[in-house]
Amino acid sequence: MFKKYAYTNNVVYYQNLIRLAIPMAMTALLNSLVNMIDTYMISKLGPYEVAAVGSSNKIFLLLIVTLYGVYSGFGVFISQYWGKKDLKHLQTVYMTAIITGFVISTFVTVLSFAFPEMIIDLFIDEKDVIDLGARYLKLVSISFIISAIIFSFEMVSRSTEKVMLPFFVSFAGVIFNGVLNYVLIFGHFGFKEMGVEGAAIATNIARFLQLLIYMCYIMLSKNPVMLLKIKNYIFDPALLKKVFQKSLPVMGNEFFWALGIIAIFAAYGRKGYEALASMQLFETVVGLLTVFTMGIANSSAIMIGKKIGEKAFTEAKWYAKLFIFNSIRFGIITGFILILSIPVIPIVFKEQGVSIIQNIQYCIFIFALYMPFNLLAVTFMVGILRSGGDTKAAFLLEFMTLWFYAVPMSFILVTFTDLSIPLIYLIITFELIIKDTLCYIRYRSGKYLHNLIH
């Protein structure tokens, strides 16, 4: 039954998957390591600090996920123009993406710098946590615009199959951020101990150094795709209209998804700082251990998008089937990895209380059971529907399952029941199964496949 999905019958597919997914997974691993190092070092300071930084980072999550939506939508066009070898239209979309990301990140930066206390107050009503979080957010917001530019470079690198460059830049970021965190948070090598403010400054410096590496690479290599040339910009209102028509639903998808995740995090905050610390540490561990799943999802977007750009529609449909099969298979494997990590939690986060450690362990076990559904949902959304140009359907399905089920359910359970954090998480995460069902119905209809550039 499964023989048709085997490597021997799909050699080119699996070779491309390995070539793309592994570097992108390693890049995601390095980005997660930055988050893990931050969280681990801050956890040494105590649960108040973890809750404060976790709450502050939700505004960055909203920004980076919104930008991911913008760049995913633009990336669909870039992948298809890459398949067509149309450099001028590719760079037109690329430049538009950078300008869009700059505008969005500037708005979020101003908001975070001007009203940090108001933002943290959305999550928790404890003065010590609000004060710590506001100090951290005000400082770290300086890096938001830089992060947006870095993210645009990553997007165009991946969309044009140059996946090793983001990996090396992310690797440098891990080294910079880890060393600077160690020095500035705890006050080593003659520096003053700065706590959460040191973590924010370390992030700012590390992001700037990553941007510098990208700029040096682009200027020295004269990469024909990434080295922007104004003469390649084509002011084509019809093209820009088409790009934004397809990209805005993706941006809306990611924005409302991030807003939903933030709303659920705020619901947990009603149970106190321990609940926020538990979920922040849990999300950090899961983010680190599930990086390969994003490599598969992003690979599916590039490979299917490229086939559509080449007008190889039969192969694009078969690739979609292969990705669905492999999402379930790799989801099961990742679930086992998550379960194996559970005994390590008390060792890594030994400074936290018993209740926080138990919350993390139970939530990891629950997510491990949901893992195949999670990877399948990401593949449907990012790889199949979006790369096929079916961005409106992807937006509607994401919005409905999150805002009609997960978000209201989180507030209902927190407000009207005495259920534990893990049990609340178990019920909320059932959203993945609902989403997979709706996505599969859309996929089976065949209406997801659109050629955007021909």
Side-chain angles (χ1 to χ4, degrees), residues 19-20 22-31 34 63-64 67-106 109 142-177 180 203-236 239-240 243 247 294-295 298-299 301-302 305-306 309:
R19 179 174 59 86
L20 293 172
I22 291 179
M24 285 194 288
M26 294 303 295
T27 303
L29 173 63
L30 293 171
N31 289 333
V34 171
L63 169 64
I64 212 69
L67 289 176
Y68 178 76
V70 173
Y71 294 153
S72 292
F74 282 62
V76 171
F77 286 86
I78 289 175
S79 292
Q80 293 192 15
Y81 281 127
W82 177 244
K84 192 183 174 184
K85 302 303 178 187
D86 185 343
L87 186 61
K88 284 196 172 184
H89 281 93
L90 189 156
Q91 285 211 337
T92 299
V93 177
Y94 177 23
M95 284 185 247
T96 307
I98 290 178
I99 294 167
T100 306
F102 179 81
V103 171
I104 293 170
S105 60
T106 300
T109 298
I142 297 168
S143 70
F144 290 175
I145 296 174
I146 298 173
S147 297
I149 298 171
I150 291 172
F151 208 12
S152 69
F153 291 155
E154 288 184 5
M155 177 272 296
V156 77
S157 296
R158 290 171 178 168
S159 298
T160 56
E161 301 179 279
K162 201 169 190 63
V163 292
M164 290 306 296
L165 177 60
F167 168 76
F168 287 121
V169 176
S170 296
F171 181 77
V174 170
I175 302 300
F176 295 146
N177 202 66
L180 291 167
T203 298
N204 291 341
I205 297 172
R207 289 280 189 269
F208 175 76
L209 292 172
Q210 284 182 294
L211 178 62
L212 193 61
I213 292 172
Y214 266 118
M215 296 301 293
C216 289
Y217 167 80
I218 292 170
M219 297 304 295
L220 294 174
S221 69
K222 293 183 170 39
N223 182 283
V225 171
M226 299 185 71
L227 184 60
L228 293 172
K229 296 179 180 178
I230 299 300
K231 67 179 183 180
N232 283 341
Y233 186 83
I234 303 169
F235 182 70
D236 183 349
L239 170 63
L240 295 177
V243 169
S247 299
M294 286 310 297
N298 287 324
S299 297
I302 294 168
K306 187 179 179 185

I145 side, atom CD1; T109 side, atom OG1 - distance, nearest 0.5 Å:
4.0 Å

Could you tell me how the ring of F153 sits relative to the ring of Y214: parallel (under 30°), tilted (30 to 60°) or perpendicular (over 60°)?
tilted

If we ignore hydrogens and angles and just use 3.5 Å, is the side chain of Y94 paired with the main-chain N or O of S152 as donor and acceptor?
no

List in chain and number order the residues that pass side-chain contact (heavy atoms from CB on, under 4.5 Å) with F208, two or more places apart in sequence or in another chain; answer none if no residue qualifies.
I146

Between atom OG of S147 and atom CG of L67, what is the distance when rounded to the nearest 0.5 Å?
9.0 Å

What one should report as the nearest heavy-atom pair of A206 and G173 is CB-O, 4.3 Å

Show the nearest heavy-atom pair for residues I150 and L211, with the distance to one decimal.
CD1-N, 3.8 Å

Spacing of S170 atom OG and N177 atom CG [to the nearest 0.5 Å]:
11.5 Å

If you round to the nearest 0.5 Å, how far is CD1 of I98 from CD1 of I149?
7.5 Å

Reported CG-to-CG distance for the pair L209 and N204, which is rounded to 0.5 angstrom:
11.0 Å

Measure the CD-CZ distance between Q210 and F151 for me, rounded to the nearest 0.5 Å.
12.0 Å

